Undergrad: 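Before we start, here is the structure in question, set down as structure tokens.
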Amino acid sequence: IQARPAMIAEAKNQFAAGAMVNLMWHACPPTLGEPCEWEPGVKSTLSDTQWSQLITDGSALNNKWKSQLDVIAGHLQSLQSAGVVATFRPLHEMNQSAFWWGGRAGTNGTARLYQITHDYLVKQKGITNLIWIWSTQDLSTDLASYNPGAGYFDVAALDVYSSGFIAAYYNMMVGLANGKPIAIGECGT
């Protein structure tokens, strides 16, 4: 967290030099706040009751989440003021239950938190310089149940670790992207 200002300054430098800036946010759970450890912290869980509160507008956990978004919004606004366009991959690997935000399928699951995050940063904070990446992992093929909707992402990405990027993954992602670009977010093979 203390390195965020230096990272934003470097992103501005790199963008000015012609680089493509990619941001990924390993968010701490709102139950712990910031800073937090990797384990337990980024890799932790929320109870069903906590999750329900998190996605309920105006609840204590929802407000805590939005206060965490307020912090990163300041950094994103700094990039926007400098004319920096960046790809943004929040809540990555949405179908990965190792992360507190992940592994919750359906309309009130991880996709809902992604929508809340997007809407708050775009509609409430006026962040318009991001290329939003919806990111899943090759753990399953039920990725549609994590899709936040076409209006919420610009690129659909798959993190590939099991068998490498195979034709079946390509075809699945093309279908889910609905005409938008696809990408490999991370890969092991």
Side-chain angles (χ1 to χ4, degrees), residues 1-44 46 54-55 57 60-94 96 98-102 110-137 146 148-149 151-160 177 180-188:
I1 288 174
Q2 294 78 13
R4 284 178 178 166
M7 190 261 317
I8 293 301
E10 185 61 21
K12 291 175 184 177
N13 291 337
Q14 291 297 323
F15 188 79
M20 182 174 152
V21 174
N22 177 42
L23 304 173
M24 185 174 80
W25 181 33
H26 284 122
C28 295
T31 52
L32 295 178
E34 295 181 320
C36 70
E37 299 294 324
W38 181 253
E39 290 185 61
V42 174
K43 290 181 82 175
S44 63
L46 267 62
L54 174 64
I55 63 170
D57 192 43
L61 278 182
N62 181 268
N63 289 337
K64 178 63 177 161
W65 177 244
K66 288 175 182 172
S67 73
Q68 287 176 236
L69 292 174
D70 288 338
V71 172
I72 67 160
H75 298 293
L76 297 172
Q77 287 166 337
S78 176
L79 290 175
Q80 183 168 291
S81 294
V84 175
V85 176
T87 62
F88 185 52
R89 193 166 66 113
L91 308 173
H92 80 297
E93 298 178 355
M94 292 172 68
Q96 168 64 274
F99 303 112
W100 66 266
W101 61 79
T110 306
R112 181 67 189 124
L113 183 60
Y114 185 99
Q115 292 167 340
I116 290 166
T117 301
H118 177 279
D119 288 347
Y120 190 76
L121 290 174
V122 172
K123 296 176 182 176
Q124 300 298 315
K125 294 302 188 177
I127 306 295
T128 59
N129 62 318
L130 300 177
I131 298 166
W132 286 80
I133 300 177
W134 165 53
S135 174
T136 55
Q137 188 177 345
Y146 294 92
Y152 285 95
F153 66 90
D154 302 299
V155 177
L158 181 68
D159 291 4
V160 182
K180 295 184 179 188
I182 63 171
I184 298 173
E186 301 173 22
C187 66

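Numbers here are sequence positions counted from 1. Remember, it's a predicted structure, so these values are computed and weren't measured experimentally.
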Undergrad: So which of W134, F88, Y114 actually passes ring pair (Phe, Tyr, Trp, His ring centres under 6.0 Å) with F153?
TA: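 That would be W134; it is the only one of W134, F88, Y114 passing the ring pair (Phe, Tyr, Trp, His ring centres under 6.0 Å) with F153.
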Undergrad: For the atom pair CD (Q80) and OG1 (T128), what is the distance rounded to the nearest 0.5 Å?
TA: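 If we round to the nearest 0.5 Å, Q80:CD and T128:OG1 are 3.5 Å apart.
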Undergrad: If you round to the nearest 0.5 Å, how far is CD of Q77 from CD1 of I8?
TA: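 Answer for the CD1-CD pair, I8 versus Q77, is 11.0 Å.
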Undergrad: Looking at residues at least two apart in the chain, or sitting in another chain, which of them share a side chain to side chain contact (heavy atoms under 4.5 Å, CB included) with A19?
TA: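 A19 satisfies side chain to side chain contact (heavy atoms under 4.5 Å, CB included) with Q14 only.
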Undergrad: Hey, could you give me the CE/CD1 distance between M24 and I133, rounded to the nearest 0.5 Å?
TA: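 The distance works out to 10.5 Å.
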Undergrad: Among all residues two or more places apart in sequence or in another chain, which pass the side chain to side chain contact (heavy atoms under 4.5 Å, CB included) test with Q124?
TA: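 Result, side chain to side chain contact (heavy atoms under 4.5 Å, CB included) vs Q124: Y120.
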Undergrad: Distance-only, no hydrogens or angles: does the Q96 side chain make a donor-acceptor pair with backbone N or O of G102 under 3.5 Å?
TA: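 Pair absent, no side-chain N/O of Q96 close to backbone of G102.
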Undergrad: Please enumerate all residues that pass side chain to side chain contact (heavy atoms under 4.5 Å, CB included) together with A16, with sequence neighbours excluded.
TA: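 Expected list: none.
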Undergrad: Quick one: CG on L121 to CD1 on I72, what's the gap to the nearest 0.5 Å?
TA: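 Spacing of CG (L121) from CD1 (I72) equals 5.0 Å.
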Undergrad: Measure the spacing between CD of Q68 and CG of N63 and express it to the nearest 0.5 Å.
TA: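 Atom-to-atom, Q68:CD and N63:CG are 12.0 Å apart.
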Undergrad: Could you check if a side-chain atom of L23 sits within less than 4.5 angstrom of a side-chain atom of L76, using non-hydrogen atoms only?
TA: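 A side-chain contact exists here, since the closest heavy-atom pair is under 4.5 Å.
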Undergrad: I need the minimum non-hydrogen distance between C36 and L32, along with the two atoms involved.
TA: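 So the two residues come closest at CB-CD1, 4.4 Å.
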Undergrad: Is there a side chain to side chain contact (heavy atoms under 4.5 Å, CB included) between D57 and K66 once you walk through the steps?
TA: CA-CA 10 Å; D57 192 43; K66 288 175 182 172; 2.4 Å; yes
Undergrad: Is there a side-chain contact between I182 and L158 in this structure, where contact means two heavy atoms from C-beta onward sitting under 4.5 Å apart?
TA: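 Heavy-atom side-chain distance check fails, nothing below 4.5 Å.
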Undergrad: Show your working on side chain to side chain contact (heavy atoms under 4.5 Å, CB included) between L54 and L46 and close with a plain yes or no.
TA: CA-CA 9 Å; L54 174 64; L46 267 62; 4.0 Å; yes
Undergrad: For D154, enumerate each residue passing the side chain to side chain contact (heavy atoms under 4.5 Å, CB included) test, keeping only those at least two apart in sequence or located in another chain.
TA: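 For D154 the side chain to side chain contact (heavy atoms under 4.5 Å, CB included) partners, ignoring immediate neighbours, are I131, W132.
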Undergrad: Indicate the atoms forming the closest heavy-atom contact of P29 with V42, along with that distance.
TA: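 The answer is CD-N, 4.3 Å.
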Undergrad: State, with a plain yes or no, whether a side-chain heavy atom of N129 is found less than 4.5 Å away from one of L79.
TA: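 The answer is yes; the side chains approach within 4.5 Å.
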Undergrad: Between W101 (side chain only) and H92 (backbone N and O only), is there a donor and an acceptor less than 3.5 Å apart?
TA: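 Checking the backbone N and O of H92 against the side chain of W101, a donor-acceptor pair under 3.5 Å is found.
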Undergrad: Can you list every pair that meets salt bridge (Lys or Arg N to Asp or Glu O under 4.0 Å) and has a residue in residues 2-16, with sequence neighbours left out?
TA: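 Residue pairs passing salt bridge (Lys or Arg N to Asp or Glu O under 4.0 Å), neighbours aside: R4-E34.
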Undergrad: Tell me the salt bridge (Lys or Arg N to Asp or Glu O under 4.0 Å) pairs involving residues 116-129, sequence neighbours left out?
TA: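 Output for this query lists D70-K125, D119-K123.
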Undergrad: Starting at CG of D159, measure out to OG1 of T136 and round the result to the nearest 0.5 Å.
TA: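 D159 CG to T136 OG1: 7.0 Å, rounded to 0.5 Å.
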Undergrad: Can you check side chain to side chain contact (heavy atoms under 4.5 Å, CB included) on M7 and H75, steps first, answer last?
TA: CA-CA 10 Å; M7 190 261 317; H75 298 293; over 6 Å; no
Undergrad: Among Y152, W25, W65, which residue meets the side chain to side chain donor-acceptor pair (under 3.5 Å) test with T117?
TA: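 Running side chain to side chain donor-acceptor pair (under 3.5 Å) over Y152, W25, W65 with T117 returns exactly one hit, W65.
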Undergrad: Is the W100-H26 ring centre distance short of 6.0 angstrom?
TA: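 Not close enough - the centres of the two rings lie 6.0 Å or further apart.
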Undergrad: Specify the closest pair of heavy atoms between A177 and A156, including all atoms of both residues, with the distance to one decimal.
TA: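 Minimum heavy-atom contact is CB-CB, 4.0 Å.
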